[in-house]
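Notes to accompany the following structure.
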Amino acid sequence: VQLQASGGGLVQAGGSLRLSCAASGRTISTADMGWFRQAPGKEREFVARFTTWSGGSYYVNYADAVKGRFTISRDSAKNTVWLQMNNLKPEDTAVYYCVAKRTSSGEYVYWGQGTLVTVSS
């Protein structure tokens, strides 16, 4: 499985960016994908994810730090997940990683190469 993330860049505080992640290779459900980020000098942290539920349904989780500002979406036909980031803050500066296939222990099997988001004040 390959996860190709794109859309990062430099933006001023209050601005917006939209990250994309296209999955290829082995079939991966976009309902089992999400985003993490790692800021300079900090631990990698969860941002947003889809979680599958019984009967084929799913729900969305967000980190408290991004709730109300970030929106995760997906298109299964395109094997693509997006992260719309609005009202960006300097503390959102990080490398953002697309992830796929969550295990029962909560870890993700597949990680993309990361895309850098820099928010200037």
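Count residues from 1 along the sequence.
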Q: Report yes or no: does Thr115 contribute a side-chain atom to a donor-acceptor pair with the main-chain N or O of Ser6 at less than 3.5 Å?
A: no
Q: For side chain to side chain contact (heavy atoms under 4.5 Å, CB included), just list the numbers for Arg49 and Tyr108, CA-CA rounded to whole Å, side-chain angles, deciding distance to a tenth of an Å, and then say yes or no.
A: CA-CA 11 Å; Arg49 66 168 175 254; Tyr108 279 89; 3.2 Å; yes
Q.
As an exercise, state the distance from OG1 of Thr52 to CE of Met33, rounded to the nearest 0.5 Å.
A. 13.5 Å
Q.
I need the Leu116 CG to Leu10 CG distance, nearest 0.5 Å.
A. 9.0 Å
(Q) Taking Ala5's backbone N and O only, do any of them form a donor-acceptor pair with Gln113's side chain (distance below 3.5 Å, no angle check)? (A) yes
(Q) Looking at every heavy atom in both Lys67 and Asp64, which two are closest together, and how far apart are they? (A) NZ-OD1, 3.2 Å
Q. When rounded to the nearest 0.5 angstrom, what is the spacing between SG in Cys21 and OH in Tyr110?
A. 13.5 Å
Q) With a 4.5 Å heavy-atom cut-off, do Thr103 and Val109 have their side chains touching? A) yes
**Q.** Close side-chain approach of Asp92 to Arg37, heavy-atom, < 4.5 Å
**A.** yes
(Q) With a 3.5 Å distance limit and no angle check, can you tell me whether Arg69 reaches the backbone of Asn87 through a side-chain donor-acceptor pair? (A) yes
Q.
Membership question, hydrophobic clusters at under 4.5 Å side-chain separation (ILVMFWY): are Phe70 and Val11 in the same one?
A. yes
**Q.** Minimum heavy-atom distance Val81-Arg74, with the two atoms named
**A.** CG2-CB, 4.0 Å
Q.
Looking at every non-hydrogen atom in both residues, tell me the closest pair between Thr30 and Phe50 and how far apart they are.
A. O-CD1, 3.5 Å
Q: Flag the pair Leu83 / Tyr96 as yes when at least one side-chain heavy-atom distance between them is below 4.5 Å, and no otherwise.
A: yes
Q) To the nearest 0.5 Å, what is the distance between CH2 (Trp35) and CD (Glu45)? A) 14.5 Å
Q: Check step by step if side chain to side chain contact (heavy atoms under 4.5 Å, CB included) holds for Met85 and Val117.
A: CA-CA 10 Å; Met85 306 184 295; Val117 172; 3.8 Å; yes
Q) With the 4.5 Å side-chain cut-off for hydrophobic clustering, are Val95 and Phe36 part of the same group? A) yes
Q: Look at the rings of Trp111 and Tyr97 and say which category their plane angle falls in: under 30° parallel, 30 to 60° tilted, over 60° perpendicular.
A: perpendicular
Q: For the residue pair Ser73 and Trp82, confirm or rule out a side-chain donor-acceptor distance under 3.5 Å.
A: no
Q: For Asn61 and Thr51, work out which heavy atoms get closest and say how close.
A: OD1-OG1, 3.4 Å
Q. CD/Gln12 to OG/Ser121 distance, rounded to the nearest 0.5 angstrom?
A. 9.5 Å
**Q.** Minimum heavy-atom distance between Val1 and Ile28, given as atom pair plus value
**A.** CG2-CG1, 3.6 Å
Q. Would you say the side-chain atoms of Thr80 pair up with the backbone N or O of Lys78, donor to acceptor, closer than 3.5 Å?
A. yes
Q) Rounded to the nearest 0.5 Å, how far does SG of Cys98 lie from CG of Leu19? A) 9.5 Å
**Q.** Exam field: side chain Tyr62 to backbone Ile72, donor-acceptor pair closer than 3.5 Å
**A.** yes
(Q) Check whether Asp32 reaches the backbone of Arg102 with its side chain - one donor and one acceptor, N or O, closer than 3.5 Å. (A) yes
Q: Please report the shortest heavy-atom distance between Ala23 and Leu3, naming the atom on each side.
A: CB-CD2, 3.7 Å
